[in-house]
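Here's the structure, in structure tokens; my notes come after.
Just so we're on the same page: letters track the sequence lines, and every chain starts at 1.
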Protein chains: 2
Amino acid sequence: MTVTSCPQSVGRPRAFDTDTALEKALEVFWRRGYDGTSLADLTEAMGINKPSLYAAFGNKEQLFLKAIELYESRPCSFFLPALEKPTAYQVAEHMLYGAANNMADKTQPQGCFVVQGALSCSEAASAVKAALINRRLAGEQKLHERFAQAKIAGDLPAHVDAEVLSRFMGTVLQGMAIQANNGATAEQLQQIAEMTLQAFPR
Amino acid sequence: MTVTSCPQSVGRPRAFDTDTALEKALEVFWRRGYDGTSLADLTEAMGINKPSLYAAFGNKEQLFLKAIELYESRPCSFFLPALEKPTAYQVAEHMLYGAANNMADKTQPQGCFVVQGALSCSEAASAVKAALINRRLAGEQKLHERFAQAKIAGDLPAHVDAEVLSRFMGTVLQGMAIQANNGATAEQLQQIAEMTLQAFPR
DNA sequence: CTTGTTTTGTACCGGTCGGTAAATATATAG
DNA sequence: CTATATATTTACCGACCGGTACAAAACAAG
């Protein structure tokens, strides 16, 4: 019968912070992709040795999956907050401009980790590729539900196909990730956001 | 002073067709990306051994660059033919529907090789990544010039910013490549094309 | 035939891949 | 102090990486 050991009960204490190490791993995976990232790249960026990485995160694949969770829960994430805006148009507006500013942010890798983390990849990466596809589809599903709710609330015309609209939004957002990789600036992405909003049903 | 040896003059004849081998290489690179493709993957798909690959194509990087050229010159390529349509709207129409059908075509890898061949990659792949970015920017540049010409011809309103419009088109087309990777059908991509055309200035 | 030229298959190169065994170091519990 | 538990470092594992040396094989020229 052991006492609940909340923060570190026994044994040699870990010499690094797992959260900051995971952030470093996310940045490397984001920049180089799963196949393009080696364990040497990771351990160097994280400032730890391989056994520490395996003890703390399992293996390369599990580390990548944890990086996905971190990416979506970061404070600068724009997707979920935009969903809570009062009208469908404002949801689209905040999401598009949030994406424009986030994806071209020079203080982090360009583009979107969920889009480019493992787009085309080896068979060894098929599991993480599937995980990213599921995240992209889940995002569009959330947007679909939000737009369906907006039709009920009356701030989106009844004739609008919420599923097509959400997939169109996903297409533009994912295209913006490629644009950011092409070197597009935040201003240029904002022009894309503006043009997309002109096509948005009101 | 040697006679011009047009088709095979001397030596053991090559036992494979370089064009079909290059097509096989394109398919593997397209599906797995540069980093995710090994020489073993390539030689197996191409049906040749490594020395034959190196003698015919140089090395992995040069083979990839030749695969880009093949990809853009294939008969089913939709980009350049669409540019020759008589009006800006028809250019956009043919390009968007051509992309919808091509990127979801089940007889080839989903999506667009130029988008996903080396989006996020290792430093070893930085040259091919840059080559793909240049191809994407060159496509948008061609579209830009076509729209500028359309403004002069009068089939695109003078107030339209041709550069923004071409970048918007590129964003949607690149987003459609991600959608195809998500498993979107040709019909779903056609809905994206339709919605994009509704936003197109006339 | 012989000679010269090119491609072929095999076998190999050093280096790196993801992952781990083992010994040492640093903490707590008693 | 000793005992236990966890993290650290170092060194290493077999497999695979991209790329090549070499000799046998298959052709044309003479």
Protein-nucleotides 5-7 of chain C N/O pairs closer than 3.5 Å?
| residue | atom | partner | partner atom | Å |
| --- | --- | --- | --- | --- |
| dT6(C) | O2 | R12(B) | N | 3.2 |
| dT7(C) | OP1 | R14(B) | NH2 | 3.2 |
| dT7(C) | O4' | R12(B) | O | 3.4 |
| dT7(C) | O2 | R12(B) | NH1 | 3.3 |

Looking at H94(A) and Q90(A), would you say the former's side chain and the latter's main chain have a donor-acceptor pair under 3.5 Å? yes

Between protein and nucleotides 10-15 of chain D, map the contacts as a letter string: B base, S sugar-phosphate only, - none, heavy atoms under 4.0 Å, written 5' to 3'. B-----

In whole angstroms, the gap separating P of dC17(D) from CD of E123(B) amounts to 20 Å

Using whole Å, what does the distance between atom P of nucleotide dC17(C) and atom CG of D35(A) come to? 13 Å

Consider side chain to side chain contact (heavy atoms under 4.5 Å, CB included). Of T171(B), L173(B), V172(B), which one does T196(B) pass it with? V172(B)

CD1-CZ distance between I48(B) and F57(B), expressed to the nearest 0.5 angstrom: 6.0 Å

Nearest 0.5 angstrom please: Q179(A) CD to T185(A) OG1, how far? 10.5 Å

Does a side chain donor of either S52(A) or N49(A) reach within less than 3.5 Å of an acceptor in the other side chain? no

Any side-chain donor paired with an acceptor under 3.5 Å for Q110(B) and N182(B)? no

So, does S38(B) get its side chain near the phosphate of dC17(D), meaning an N or O under 4.0 Å from OP1 or OP2? yes

Please classify the nucleic acid contact of T37(B) as base, sugar-phosphate, or nothing, using heavy-atom distances under 4.0 Å. sugar-phosphate

Integer-rounded Å distance: dC17(C) P and Y34(A) OH: 13 Å

Taking CE from M46(A) and P from dT9(D), how many angstroms apart are they, rounded to a whole number? 13 Å

Length of the line joining L42(A):CG and dT16(C):P, which is rounded to integer Å: 16 Å

Using atom CD of Q62(B) as one end and atom P of dG18(D) as the other, report the distance to the nearest whole Å. 15 Å

Please state how far atom OH in Y54(B) lies from atom C1' in dG9(C), giving the value in whole angstrom units. 16 Å

Any side-chain donor-acceptor pair under 3.5 Å between E145(B) and Q141(B)? yes

Here the distance between atom P of dT20(D) and atom CG of L53(B), to the nearest Å, is 12 Å

Quick one: does K60(A)'s side chain have a donor or acceptor within less than 3.5 Å of a partner on Y34(A)'s backbone? yes

Under 3.5 Å: donor-acceptor pair, side chain of K151(B), backbone of V160(B): yes

